[in-house]
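What follows is a single structure, written as structure tokens, with notes after it.
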Amino acid sequence: MENLNSELESSFGRRVFADYIKSKFEDLSLINTFDRLTALYFEVNSAVNISALRTVDDVYVKHYLDSVYPSEYFFGSCCDVGCGGGFPTLPLAITTKLDFTGLDSVGKKLALIKRAVAELGIKNVRPEYSRAEVLSKTEKRFDTVCARALADIDTALSFCAPLAKPHGKVILYRTQNDNEASEKTVTKYSLSLESVIDYDLPETDIHRRLFIYEKK
């Protein structure tokens with residue numbers, strides 16, 4: 001932990017993320033929560049391999065900053081489909097205070113979410129070990145459903161759209177090389193494309209595109 005604290009103090013990625021948090025959110029203690037999450041992340045990842053990211057800079061930029069940058073578009077009850085190790089679930093839950101379900105079909109990937117809930121007191125997150133197509137057969141529906149780097153865009157919508165409430169949103173994190181879904185998919189799942197938002201993560205060369213669909 002001593003070595004990690006030294007890395008945090010000198011980390012470019014942590015500084016970029018902390019600057020963004022200070023500019024966007026009123027709660028300046030949030031960065032302390034993320035520092036504690038980082039310690040858990042490295043502990044869990046060394047045992048379970050929930051992510052390929054191994055450096056402090058990458059965790060703060062490619063997991064945390066990338067997750068929270070579109071936070072203003074989330075509302076109500078939220079579900080992150082294919083949440084993996086907990087991104088964007090955990091960063092969004094910490095910053096927005098909205099209720100999140102982190103859904104993944106690989107149980108071991110939920111280890112970080114479970115530890116964060118138990119040890120960091122992040123109570124607005126619920127890990128769900130299941131598949132989207134199974135959960136969609138229940139009555140559970142969400143105001144906002146998201147997916148980050150999950151399959152191609154048409155497949156991602158086929159997983160996410162059935163879990164959205166009428167007039168709910170489906171938010172897809174993509175790269176700027178990605179195009180919108182086919183008209184066939186949009187029609188099949190009663191969606192309309194509300195927005196396509198291009199942005200760059202601050203002080204990086206990471207270019208992102210957000211697709212926001214509305215469920216009719």
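Using a 4.5 Å heavy-atom cutoff, the side chains of Pro202 and Asp19 are not in contact. Looking at Val145 and Phe159, their side chains never come closer than 4.5 Å, going by heavy atoms from C-beta outward. For the pair Val59 and Phe17, the minimum side-chain heavy-atom distance is 4.5 Å or more. Residues Gln176 and Asp200 meet the side-chain proximity criterion, which asks for heavy atoms closer than 4.5 Å. The shortest distance between side-chain heavy atoms of Ile31 and Tyr60 falls below 4.5 Å. The shortest side-chain heavy-atom distance between Asp57 and Val16 does not fall under the 4.5 Å cut-off. Counting only heavy atoms from C-beta outward, the side chains of Val106 and Lys108 approach each other to under 4.5 Å. Side chains of Lys62 and Phe87 form no contact here, defined as non-hydrogen atoms less than 4.5 Å apart.
Aromatic ring orientation, Tyr213 versus Phe211: parallel (interplanar angle below 30°, classes split at 30° and 60°). A perpendicular orientation is assigned to the rings of Tyr41 and His63, their planes being inclined by more than 60° (bins at 30° and 60°). Aromatic ring pairs are classed by plane angle as parallel below 30°, tilted from 30° to 60° and perpendicular above 60°; the pair Tyr69 and Tyr199 is parallel.
Under the side chain to side chain contact (heavy atoms under 4.5 Å, CB included) criterion, Ser29 pairs with Asp27, Asn32, sequence neighbours left out.
For the pair Ser190 (side chain) and Lys216 (backbone), a donor-acceptor distance under 3.5 Å is absent. Between the side chain of Tyr64 and the main chain of Pro91, no donor-acceptor pair closer than 3.5 Å is present. Remark: side-chain polar atoms of Asp198 are not paired, donor with acceptor, to backbone N or O of Arg209 under 3.5 angstrom. A donor-acceptor contact shorter than 3.5 Å links the side chain of Lys215 to the backbone of Ala161. Remark: side-chain polar atoms of Arg15 are not paired, donor with acceptor, to backbone N or O of Leu8 under 3.5 angstrom.
Sorted by first and then second residue, the pairs that involve residues 71-83 and meet side chain to side chain donor-acceptor pair (under 3.5 Å), not counting sequence neighbours, are Lys24-Glu72, Ser77-Asp143, Asp80-Thr89.
Considering every non-hydrogen atom in both Ala111 and Val44, the closest pair reads CB-CG1, 3.9 Å. Leu150 approaches Ala156 most closely through the heavy-atom pair O-CB, 3.3 Å. Heavy-atom minimum distance, Val117 versus Ile122: CG2-O, 3.3 Å. Looking at every heavy atom in both residues, Ala181 comes nearest to Leu157 through CB-CD1, 3.4 Å. When every heavy atom of Ala164 is checked against every heavy atom of Val170, the shortest pair comes out as CB-CG2, 4.1 Å. When all heavy atoms of Arg174 and Ile153 are compared, the pair lying nearest together is NH2-N, 3.6 Å.
Of the inter-residue distances, the one linking Asp152 atom CG with Ser158 atom OG reads 8.0 Å to the nearest 0.5 angstrom. Note: Cys79 SG to Leu103 CG = 5.0 Å, rounded to the nearest 0.5 Å.
In this structure, a donor-acceptor pair under 3.5 Å is absent between the side chains of Ser51 and Asn45. Residues Thr175 and Asp178 have side chains that bring a donor and an acceptor to within less than 3.5 angstrom of each other.
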(Q) If you apply the rule salt bridge (Lys or Arg N to Asp or Glu O under 4.0 Å), what do you find for Arg14 with Asp35, and how did you get there? (A) CA-CA 9 Å; Arg14 181 183 181 274; Asp35 289 345; 2.7 Å; yes
